[in-house]
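Report on the following structure.
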Amino acid sequence: MLVALLWCGVASARPMVSPNGKLSVETKNGQFVISYQGQQVLQMQDGEAALPFKAPKAKKVKADYTMLAGKRSHCTNVANEYRVGQMTLRLYNDGLAYRYESPVKEQAAYVIPVGMKRWIMQWTDGAENFYPLTTTHKVQAQRSYSAVSKDADGNCVRWSFPALLELKEGVFALLTEANIEKGQSASSMYNDGEVYRVAPDETIAGETCSHSPWRLIILGTLADVVESTLVTDVSEPCKVEDTSWIKPGVVSWVYWAYNHGSDDYNIIKKYTDLAATLKLPYVLIDAEWDRMKDGKTVEDAVAYAKSQGVKPMIWYNSSVGWVDGAPTPKFRLNKPEDREKEFAWCEKIGVAGVKIDFFSGENQKNMDYCIDLMESAARHHLLVNFHGATVPRGWQRTYPNLLSTEGVYGAEWYNNVPTFTDKAACHNATLPFTRNVVGPMDYTPCAFSDSQHPHITSHAHELALTALFESGLQHLADRPESFLAQPQQVKDYLSKLPAAWDETRFVSGYPGESCVIARRSGATWYVAGINGTDSEKTLSVPLGFVKGKHTATLFADGEPWAISTVSQLPTEIPCKARGGFVMVIE
């Protein structure tokens with residue numbers, strides 16, 4: 001089964017290859033054909049007749065850089081780069097990247113034939129939807145708080161990046177993009193039958209960049225996809241000169257329990273006290289802090305947090321998306337002079353970072369605004385978390401103060417609709433293969449009690465999400481009394497939980513069914529696994545890469561907990577339906 005990519009271009013006479021030789025691109029019948037380990041898996045056809053020319057010579061490209069947060073602290077990747085007409089094409093060992101080097105009208109389109117497994121999200125402006133397994137383009141458009149584009153028969157026709165395809169058994173491709181710069185919009189895909197056209201969003205006339213963003217196809221095994229850093233490999237290097245103040249960490253968070261903001265000083269105190277008790281570095285003062293009750297102000301809340309040794313972050317409405325009827329504060333960041341004044345005030349009173357919410361999609365206006373926000377925040381030593389925003393596209397390398405982005409159908413949806421209850425486990429077991437591959441994901445995990453709508457995942461499943469999901473700011477969802485009622489070992493786990501990783505290994509799993517990932521911080525491994533199905537399942541846990549003798553604490557499914565210390569690492573761990581485990585290997 002093949003996937004075709006249609007574009008205008010020119011053909012080469014000999015294969016273009018990745019450094020390790022596993023990937024190659026050659027021309028056959030006027031088409032680019034991608035092969036993986038000698039087998040054709042992806043076909044790229046010209047929109048016009050291919051013009052013969054002398055085969056391009058490869059230019060060696062190497063990425064070698066460090067990340068303050070993410071799946072790996074030291075990232076390296078190498079590629080062979082080719083110039084093909086107006087396109088630069090790079091073959092990496094874990095995928096392919098291409099971009100147009102002049103402002104030409106893009107004509108790329110992926111042909112995804114019926115019968116091919118795919119996990120693709122119907123587009124919404126906040127990238128908050130499911131990634132259901134389908135094998136056809138005829139998928140009924142789902143209702144959402146943001147309009148979904150559909151055809152006359154009610155089928156969805158607009159799709160978000162990233163999109164995961166199983167090209168053949170055991171061979172996967174994740175379609176996405178990276179390195180959005182000033183003057184560029186992000187893209188989505190529109191399909192006409194089996195043809196999925198890459199469509200940049202609206203740009204401002206006369207202000208477009210001289211080249212396109214990088215379009216990426218991360219290709220290989222599931223391990224190749226999950227462990228890939230290709231999104232940041234092709235993105236611009238860090239533009240923040242002094243990064244010593246940027247500290248990833250775990251955050252206590254009010255919204256999930258109350259379905260409301262932070263207009264109550266006494267509730268903010270509860271979450272600050274939780275952070276202090278569990279030794280969490282941050283507390284988020286959410287929306288409506290400008291309307292605080294009982295004569296208190298946000299400066300009182302900030303001062304209290306600092307007195308308890310907790311760093312406060314505060315929320316803003318971006319005021320370009322949901323404005324009418326939306327929470328405040330509004331219109332404080334839109335003008336450059338207002339933004340500088342506001343962020344200078346944040347820095348002065350001791351705010352550590354800002355959560356900025358409710359953007360209006362992927363057009364150039366939003367992308368330029370996000371870049372302005374990150375740059376201004378960096379000047380004032382403020383961490384950034386974008387909510388109601390599109391998925392990451394590499395900015396976490398260029399602006400490392402951007403520690404997380406929502407762009408995910410996360411746990412806050414237990415507040416909004418009953419749909420999440422039955423679908424959460426499968427959804428959670430899909431995200432490590434899709435959304436979380438491309439960058440930090442503010443899912444807001446870990447709830448042992450219920451919000452407005454109940455959860456039916458196990459306690460161990462919920463705890464596992466804190467290490468399974470990567471986010472430089474890991475917001476814990478549950479209410480203080482629930483966390484403090486857990487066994488001491490669970491509280492100790494949360495106190496020590498990293499929010500940045502030195503190494504990430506895919507261990508086992510399949511999208512929507514299960515996932516086991518190992519992440520290392522220093523000399524300690526966190527191995528997290530979840531069962532995404534409604535039946536009991538034993539998860540495979542081969543940990544041959546963990547050398548030497550170790551002692552591990554295992555948090556497994558029980559009534560509600562089964563916590564044990566093991567001296568021999570298990571190779572299999574049984575899980576309840578919608579269950580899970582997390583193992584900390586010292």
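In this chain, residues are counted from 1 in sequence order.
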Please report the C-alpha distance between Trp395 and Glu236 in whole Å, then the side-chain angles of each, then the deciding distance to 0.1 Å, and finally whether the side-chain hydrogen bond (donor to acceptor under 3.5 Å, both in side chains) criterion is met. CA-CA 8 Å; Trp395 283 340; Glu236 289 294 305; over 6 Å; no

Check the pair Glu81 / Tyr92 against side-chain hydrogen bond (donor to acceptor under 3.5 Å, both in side chains), numbers first and verdict last. CA-CA 9 Å; Glu81 180 180 286; Tyr92 290 84; over 6 Å; no

side-chain hydrogen bond (donor to acceptor under 3.5 Å, both in side chains) between Asn428 and Tyr443, intermediate numbers included: CA-CA 10 Å; Asn428 294 345; Tyr443 175 99; 2.7 Å; yes

Start with the C-alpha gap between Gln140 and Asn155, add the side-chain angles, then the distance that decides, and say whether side-chain hydrogen bond (donor to acceptor under 3.5 Å, both in side chains) holds. CA-CA 4 Å; Gln140 285 289 296; Asn155 293 314; 3.1 Å; yes

Are Tyr82 and Lys57 close enough, and set up right, to give a side chain to side chain contact (heavy atoms under 4.5 Å, CB included), and what steps lead you there? CA-CA 6 Å; Tyr82 301 88; Lys57 293 183 178 180; over 6 Å; no

Could you walk me through whether Gln184 and Arg393 pass the side chain to side chain contact (heavy atoms under 4.5 Å, CB included) check? CA-CA 12 Å; Gln184 295 176 335; Arg393 289 169 165 87; over 6 Å; no

Set out, in order, the CA-CA distance, both residues' side-chain angles and the distance that settles side chain to side chain contact (heavy atoms under 4.5 Å, CB included) for Val78 and Val61, then state yes or no. CA-CA 6 Å; Val78 292; Val61 175; over 6 Å; no

Candidate pair Trp413 and Tyr409, rule ring pair (Phe, Tyr, Trp, His ring centres under 6.0 Å), full reasoning: CA-CA 7 Å; Trp413 279 87; Tyr409 208 40; 4.7 Å; yes

Between Leu219 and Asp94, does the side chain to side chain contact (heavy atoms under 4.5 Å, CB included) criterion hold? Intermediate values first, please. CA-CA 6 Å; Leu219 199 155; Asp94 58 347; over 6 Å; no

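Residues satisfying the side chain to side chain contact (heavy atoms under 4.5 Å, CB included) test with Thr176, not counting sequence neighbours, are Phe161, Pro162, Leu216, Val231, Val438. Remark: Arg397 pairs with no residue by the side chain to side chain donor-acceptor pair (under 3.5 Å) rule, at least two apart or across chains. In this structure, Asp192 has no side chain to side chain donor-acceptor pair (under 3.5 Å) partners at least two apart in sequence or on a different chain. By the side chain to side chain donor-acceptor pair (under 3.5 Å) test, Asp153 pairs with no residue at all, sequence neighbours left out. Taking the side chain to side chain donor-acceptor pair (under 3.5 Å) definition, one finds that Thr203 meets it with nothing, sequence neighbours left out. Residues satisfying the side chain to side chain contact (heavy atoms under 4.5 Å, CB included) criterion with Cys75, sequence neighbours excluded, are Tyr65, Met67, Arg72, Thr229, Asp233.
A heavy-atom distance below 4.5 Å is not found between the side chains of Leu383 and Val354. For the pair Leu333/Asp338, no side-chain contact is recorded, criterion being any heavy-atom separation below 4.5 Å from C-beta on. Contact annotation: the side chain of Arg339 never approaches that of Asn334 to less than 4.5 Å [non-hydrogen atoms, C-beta and beyond]. You'll find the side chain of Lys22 stays beyond 4.5 Å of the side chain of Asn93, heavy atoms only. Side-chain contact between Phe469 and Val408: absent, with no pair of heavy atoms (C-beta onward) separated by less than 4.5 Å. Contact annotation: the side chain of Tyr131 approaches that of Leu431 to within less than 4.5 Å [non-hydrogen atoms, C-beta and beyond]. For the pair Leu382/Cys346, a side-chain contact is recorded, criterion being any heavy-atom separation below 4.5 Å from C-beta on.
Side-chain N or O atoms of Asp125 include none that pairs as donor or acceptor with a backbone N or O of Ser360 at under 3.5 Å. Here the side chain of Tyr369 pairs a donor or acceptor atom with the backbone of Ser318 at under 3.5 angstrom. A side-chain donor-acceptor contact under 3.5 Å links Ser185 to the backbone of Asp201. Between the Arg158 side chain and the Ser188 main chain, no donor and acceptor come within less than 3.5 Å of each other. Without hydrogens or angle criteria, Thr221 side chain to Asp224 main chain gives a donor-acceptor distance under 3.5 Å. No donor-acceptor distance shorter than 3.5 angstrom exists from the side chain of Asn191 to the backbone of Glu194, with no hydrogens or angles considered. Side-chain atoms of Glu26 do not come within 3.5 Å of backbone N or O of Val33 as any donor-acceptor pair. Remark: side-chain polar atoms of Ser319 are paired, donor with acceptor, to backbone N or O of Phe331 under 3.5 angstrom. Between the side chain of Ser212 and the backbone N or O of Tyr100 there is at least one donor-acceptor pair closer than 3.5 Å. Panel note: side chain Glu406, backbone Gly388; a donor-acceptor pair is recorded below 3.5 Å.
Of all heavy-atom pairs spanning Leu473 and Ser471, the tightest one is O-OG, 2.6 Å. Across all non-hydrogen atoms, the minimal contact from Ile112 to Met116 is CG2-SD, 3.9 Å. Asn20 and Leu23 get closest at one heavy-atom pair: OD1-N, 4.3 Å. Residues Leu68 and Ala500 come closest through the heavy atom pair O-CB, 3.5 Å. Contact between Lys330 and Gly325 at its shortest, heavy atoms only, is NZ-N, 4.1 Å. When all heavy atoms of Ala58 and Asn80 are compared, the closest pair comes out as CB-CB, 4.0 Å.
Each of Arg519, Arg520, Lys71 was compared with Glu503 under the salt bridge (charged side-chain N to carboxylate O under 4.0 Å, His left out) criterion, and only Arg520 meets it. Test Gln86, Glu101, Glu181 against His211 for side-chain hydrogen bond (donor to acceptor under 3.5 Å, both in side chains) and you get one pass: Glu181.
Using the six-membered ring where Trp is involved, His381 and Trp245 have ring planes that are perpendicular, over 60° apart on the 30 and 60° scheme. Using bins of under 30°, 30° to 60° and over 60° for the plane-to-plane angle, the ring pair Phe358/Trp322 lands in the perpendicular bin.
Between Lys365 and Glu202, none of the side-chain N atoms (NZ, or NE/NH1/NH2) sits under 4.0 Å from a carboxylate O, so this pair counts as no salt bridge.
Aromatic ring centres of Phe386 and Phe359 lie closer together than 6.0 Å. Proximity of the aromatic rings of Phe506 and Phe433 is defined here by a centroid distance below 6.0 angstrom, and this criterion is met.
Side-chain atoms of Thr390 and Glu362 include a donor-acceptor pair closer than 3.5 Å.
Within a 6.0 Å radius of CD in Glu337, more than 12 heavy atoms belonging to other residues, nucleotides or ligands are found. Within 6.0 Å of atom NZ in Lys182, more than 12 heavy atoms from other residues, nucleotides or ligands are found, so the atom counts as buried in its surroundings.
The line from CD of Gln396 to CD of Glu470 is 8.0 Å long, rounded to the nearest 0.5 Å. Separating the OG atom in Ser187 from the CD1 atom in Ile180 is a distance of 6.5 Å, to the nearest 0.5 Å.
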